[in-house]
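The next block holds one structure in the form of structure tokens; read it before the comments.
Both backbone and side-chain heavy atoms feed into the values below; hydrogens, waters and symmetry mates do not.
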Amino acid sequence: MRTIKMRMEIRNLSKSYGNVKAIDDFNAVLEEGIYGILGPNGAGKSTLINILTDNVKRDSGEILLDGRDILKMGGDYRRIVGYMPQEQVFYPQFTLLEFLKYMALIKGMNSKDKAVRMQIDELLEELHLADVAKRRLGGFSGGMKRRAVLAQALLGNPGIIILDEPTAGLDPKERIAMRNLISRLAENRIVILATHIASDIECIADRVLLIKEGKMIKNENPFTLLDEVRGHIRCIYCKREDLAAYQKRYRMSNCIQTKEGLMLHVIDPEYVGDKTVDTTLEDVYLYYFENAAAREHSGDK
């Protein structure tokens with residue numbers, strides 16, 4: 001269990017690929033808690049993750065951990081970062097136990113040390129993988145592979161955990177289980193979770209960072225974001241046979257079947273209603289990203 005609190009400051013961070021600014025003057029302060037980074041594909045989430053994990057060089061700006069630049073910290077920084085990449089790179093002939101011992105060696109840990117072996121055993125139990133520790137990775141299901149990747153990220157008891165699309169490819173049951181694991185393991189750590197799936201962070205994130213075209217447009221707790229958008233969501237009921245016409249006319253974030261018919265969540269920036277609507281982060285996502293994109297495409301800036 002970690003007891004040392006940390007503070008990460010991201011100051012004026014920028015990164016370009018040719019004429020495209022992947023990260024544009026990004027600023028944030030991260031302390032203990034779960035930070036959900038939400039944005040559409042191409043928003044800059046993966047670039048930010050790669051910079052934070054020291055896999056990509058930034059063009060300008062600073063990333064300070066307790067006042068020290070992470071580039072100057074070098075290996076000291078990398079040893080306290082646990083990274084769960086989106087792409088799963090495995091040696092399918094390895095057993096899970098062999099894989100974790102191999103990753104421990106890469107992290108500079110002695111896999112023969114008793115304390116390291118104990119930690120591997122604890123992670124296998126915590127992630128419900130103990131019964132498959134000697135099975136080859138090539139025969140794992142998608143959910144088991146994602147838990148295996150999370151296990152290697154947690155080796156060494158890192159204070160910073162960075163997760164890139166941790167629920168990618170999982171079915172609904174596995175996605176819920178992964179979210180619960182992340183929430184439980186996040187105590188006394190900085191956890192950064194990048195995704196384009198709003199429901200992944202709705203119930204576990206302490207703060208949500210909305211990224212668009214490399215810029216951070218919002219940095220709030222989820223409840224504040226829901227309150228800001230709620231007044232711009234109209235609740236409309238329609239018959240099933242009329243759904244296509246409503247979809248053509250309105251931009252919708254949700255469609256729920258009820259006894260009264262289909263209940264539609266219609267996004268309308270100009271609408272300010274009094275009726276309470278049970279908004280979700282999907283409403284927030286579509287309000288700030290899809291709705292804005294539609295207005296720009298139509299020429300309404």
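Heavy atoms from other residues, nucleotides or ligands lying under 6.0 Å from CD of Q257 number 12 at most.
Follow the hydrophobic side-chain contacts under 4.5 Å out from L64 and you never reach L48; the two are in separate clusters. Both I106 and L97 sit in one connected hydrophobic cluster of ILVMFWY residues. Membership requires side-chain heavy atoms under 4.5 Å apart, directly or through other members. Tracing side-chain contacts under 4.5 Å through hydrophobic residues (I, L, V, M, F, W, Y), one reaches V132 starting from Y102; they form part of the same cluster. Transitive grouping of hydrophobic side chains (ILVMFWY, heavy atoms separated by less than 4.5 Å) keeps I197 and I49 in distinct clusters.
Partners of Y83 according to the ring pair (Phe, Tyr, Trp, His ring centres under 6.0 Å) rule, which considers only residues two or more places apart in sequence or in another chain, do not exist here. Partners of R207 by salt bridge (Lys or Arg N to Asp or Glu O under 4.0 Å), not counting sequence neighbours: none found. Residues satisfying the salt bridge (Lys or Arg N to Asp or Glu O under 4.0 Å) criterion with E126, sequence neighbours excluded, are R184.
Residues Q152 and K107 meet the side-chain proximity criterion, which asks for heavy atoms closer than 4.5 Å. Side-chain contact between M178 and E174 is absent, with no heavy-atom pair separated by less than 4.5 Å. Taking 4.5 Å as the limit, every side-chain heavy atom of V81 sits out of range of all side-chain heavy atoms of L52.
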Only pairs under 3.5 Å count here: list side-chain donor-acceptor contacts from residues 14-23, not counting sequence neighbours, and write none if there are none.
| residue | atom | partner | partner atom | Å |
| --- | --- | --- | --- | --- |
| S14 | OG | D25 | N | 3.0 |
| K15 | NZ | K57 | O | 3.1 |

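In the hydrophobic clustering, where aliphatic and aromatic side chains (Ile, Leu, Val, Met, Phe, Trp, Tyr) are joined below 4.5 Å either directly or transitively, F223 stands alone.
Identified under the side chain to side chain donor-acceptor pair (under 3.5 Å) test for residues 70-80, with sequence neighbours left out: D54-R78, D76-R79.
Residue T258 holds its OG1 atom at 8.5 Å from CD1 of I256, rounded to the nearest 0.5 Å.
Minimum heavy-atom separation, A148 to L96: CB-CD1, 3.7 Å. M252 and Y246 get closest at one heavy-atom pair: CE-C, 4.4 Å. Between T224 and E220, the shortest heavy-atom distance links the atoms CG2-OE1, 3.7 Å. Residue P40 comes nearest to K45 through the heavy atom pair O-NZ, 3.1 Å, listed as atom of the first residue, atom of the second, then distance. Listed here is the closest heavy atom pair of N219 and A28: ND2-CB, 4.5 Å. In this structure, Y35 and L209 approach most closely via the heavy-atom pair CD2-CD1, 4.0 Å.
The closest side-chain donor-acceptor pair between Y285 and E202, if any, does not fall under 3.5 angstrom. Side-chain contact of R189 with N157: a donor-acceptor pair under 3.5 Å is present, judged by distance alone.
Distance alone, capped at 3.5 Å, places no donor-acceptor pair between the E282 side chain and the S199 backbone.
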